[in-house]
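Presented below is the structure to which this report refers.
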Amino acid sequence: MEISNKDAARALLRWYTEMGVDEAVAAQPADFHSWGGDKPAPLTKPRAAPKPVSETATPVFNSQTPTIPADEAIAAAKTIAAACDSFAALDQAVAEFDGCPLKAGARNTVFADGVPDADLLVIGEAPGRDEDRIGKPFVGRAGQLLDKMLAAIGHSRTENVLISNVVYWRPPGNRAPTPIETSICRPFVDRLIDITKPKVLLLAGGAPTQALLGLTGIMRARGVWREIITSDGGSIPVMPIFHPAFLLRQPANKRLAWHDLLAVQARLREG
Ligand code: URA
């Protein structure tokens with residue numbers, strides 16, 4: 001049987017879709033996983049000499065800034081995040097930051113949704129397709145389940161919850177964010193915790209648990225209280241829980257998730 005170029009192209013596109021490659025990010029393919037601090041970032045625009053990151057001045061990172069090496073992006077994110085003294089300032093700084101290569105392939109920056117001075121902060125993994133389209137975290141099916149889980153303990157993003165992620169732009173094909181992408185966004189995550197000072201921090205899934213606590217294996221990590229120390233020395237109780245997308249795939253684990261949520265509710269009611 002003869003296979004035409006058209007058939008071959010169709011078969012290739014079908015295979016890409018099945019593998020989760022469902023969006024064109026740049027004209028040339030780039031291996032985001034192999035991008036390190038010593039290598040140039042995947043380029044969507046011609047690369048100019050990186051701007052020096054001064055220790056004293058707040059670096060300007062916006063859509064005119066060329067993509068820079070990861071260590072410079074992390075340094076810039078630290079300086080910019082440290083200069084933010086309110087949720088609104090941080091929100092704006094993240095929207096203007098161009099140091100994370102994920103931004104090149106995203107429609108929207110997805111920073112946070114909910115009440116900035118909430119007693120409960122939930123941090124998930126990364127925006128997906130729906131979040132990228134709408135510009136808010138956890139608005140797809142997993143988000144709807146998260147809202148139900150929060151409602152079960154008397155919480156909602158309209159009243160007393162703030163929701164965010166460890167990266168603020170959708171990874172292509174909904175892959176997990178790489179450690180470098182997470183490290184670049186990390187100063188903003190830390191600053192969000194510093195500024196909002198929640199009574200309890202929930203880490204939804206393995207990615208935020210690994211990023212913020214250095215723990216692998218959500219099965220073992222979930223349901224156990226840990227703590228995060230803020231920049232002013234305060235302690236925030238943290239609990240890793242199952243990601244709602246995982247619970248949609250494995251509803252039998254909702255029993256354990258409910259157990260964890262009750263512990264969270266009790267903690268929120270203390271004091
Ligand atoms: N999953 C996440 O971890 N975060 C979102 O915002 C959406 C889905």
Side-chain angles (χ1 to χ4, degrees), residues 19-20 31-37 70 74 100 102 110 112 120-128 131 137-138 140-150 152-153 155 161-190 192-193 198-230 235-268:
M19 293 299 112
D31 181 359
F32 286 78
H33 289 275
S34 68
W35 177 48
I74 294 168
C100 179
L102 288 175
V110 179
L120 180 60
L121 172 62
V122 181
I123 297 189
E125 177 175 315
E131 291 75 22
F138 282 101
R141 277 187 70 220
Q144 286 159 20
L145 178 56
L146 177 64
D147 284 341
K148 282 188 194 159
M149 291 161 69
L150 295 171
I153 55 166
H155 275 64
V161 179
L162 184 67
I163 302 177
S164 188
N165 282 306
V166 285
V167 297
Y168 307 120
W169 297 275
R170 182 196 181 199
N174 287 352
R175 64 161 170 74
T178 65
I180 287 169
E181 291 155 357
T182 307
S183 303
I184 292 172
C185 295
R186 176 72 191 265
F188 298 111
V189 178
D190 289 343
L192 180 67
I193 298 169
K199 198 165 168 189
V200 167
L201 170 58
L202 277 187
L203 303 178
T209 301
Q210 178 154 21
L212 296 188
L213 297 175
L215 297 173
T216 53
I218 189 67
M219 282 295 180
R220 260 178 297 123
R222 61 140 278 277
V224 180
W225 286 109
R226 324 255 168 188
E227 67 170 354
I228 278 184
I229 305 298
T230 55
S235 162
I236 311 265
V238 187
M239 182 179 284
I241 59 167
F242 287 136
H243 194 286
F246 170 74
L247 294 173
L248 286 172
R249 291 194 302 275
Q250 300 210 14
N253 285 304
K254 284 184 183 173
R255 191 178 53 82
L256 293 172
W258 178 234
H259 176 274
D260 300 346
L261 286 172
L262 288 179
V264 169
Q265 185 180 44
R267 191 83 184 229
L268 285 166

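A donor-acceptor pair is defined here as one N or O able to donate and one able to accept, closer than 3.5 Å; such a pair exists between the side chain of Glu131 and the backbone of Gly140.
Here the CD1 atom belonging to Ile153 is positioned 6.5 Å from the CG atom belonging to Leu202, to the nearest 0.5 angstrom. To the nearest 0.5 angstrom, Asn174 atom CG is 9.0 Å from Glu125 atom CD. Arg255 CZ to Asp260 CG: the interatomic distance, rounded to the nearest 0.5 Å, is 10.5 Å. With rounding to the nearest 0.5 angstrom, the CD1 atom of Ile228 is 7.0 Å from the CD1 atom of Ile123. Rounding to the nearest 0.5 angstrom, the gap separating the CD1 atom in Ile193 from the OG atom in Ser164 is 9.0 Å. Note that CZ of Arg220 is 9.0 Å distant from CG of Leu215, once rounded to the nearest 0.5 Å.
For the pair Ala142 and Pro244, the tightest heavy-atom approach, listed with the atom from each and the gap, is O-CB, 3.3 Å. Between Ile180 and Ala70, the closest heavy-atom pair is CG2-CB, 3.6 Å. Annotation for Pro240 and Val224: closest pair CD-O, 3.4 Å, computed over non-hydrogen atoms. Of all heavy-atom pairs between Pro198 and Leu120, the closest is CB-C, 4.4 Å. Across Leu247 and Met149, no two heavy atoms sit closer than the pair CD1-CE, 3.8 Å. Of all heavy-atom pairs spanning Ala263 and Met239, the tightest one is CB-CE, 4.0 Å.
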With side chain to side chain contact (heavy atoms under 4.5 Å, CB included) as the criterion, how do Gln250 and Phe242 come out once you've worked through the C-alpha distance, each side chain's angles and the decisive distance to 0.1 Å? CA-CA 10 Å; Gln250 300 210 14; Phe242 287 136; over 6 Å; no
In sequence, state the C-alpha distance, the side-chain angles, and the governing distance for Phe188 and Val167, and then conclude on side chain to side chain contact (heavy atoms under 4.5 Å, CB included). CA-CA 9 Å; Phe188 298 111; Val167 297; over 6 Å; no
Carefully, step by step, assess Tyr168 and Ile184 under the rule side chain to side chain contact (heavy atoms under 4.5 Å, CB included). CA-CA 10 Å; Tyr168 307 120; Ile184 292 172; over 6 Å; no
Side chain to side chain contact (heavy atoms under 4.5 Å, CB included) between Asn253 and Met219, intermediate numbers included: CA-CA 10 Å; Asn253 285 304; Met219 282 295 180; 4.3 Å; yes
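Among pairs with a residue in residues 237-249, none fulfils side-chain hydrogen bond (donor to acceptor under 3.5 Å, both in side chains), at least two apart in sequence or across chains.
Checked against ring-ring contact (aromatic ring centres under 6.0 Å, His included), His155 has no partners two or more places apart in sequence or in another chain. Ser183 meets the side-chain contact (heavy atoms from CB on, under 4.5 Å) test with Ile74; sequence neighbours excluded.
Phe138 is not listed as a side-chain neighbour of Asp147, based on a closest heavy-atom distance of 4.5 Å or more. Proximity of Leu192 to Leu162: side-chain heavy atoms (C-beta onward) are separated by under 4.5 Å at one or more points. In this structure, the side chains of Thr182 and Gln210 stay at 4.5 Å or more apart for every pair of heavy atoms. Contact annotation: the side chain of Leu102 approaches that of Pro172 to within less than 4.5 Å [non-hydrogen atoms, C-beta and beyond].
Screening Val166, Ile241, Leu213 for a side-chain contact (heavy atoms from CB on, under 4.5 Å) involving Leu203 leaves a single residue, Leu213.
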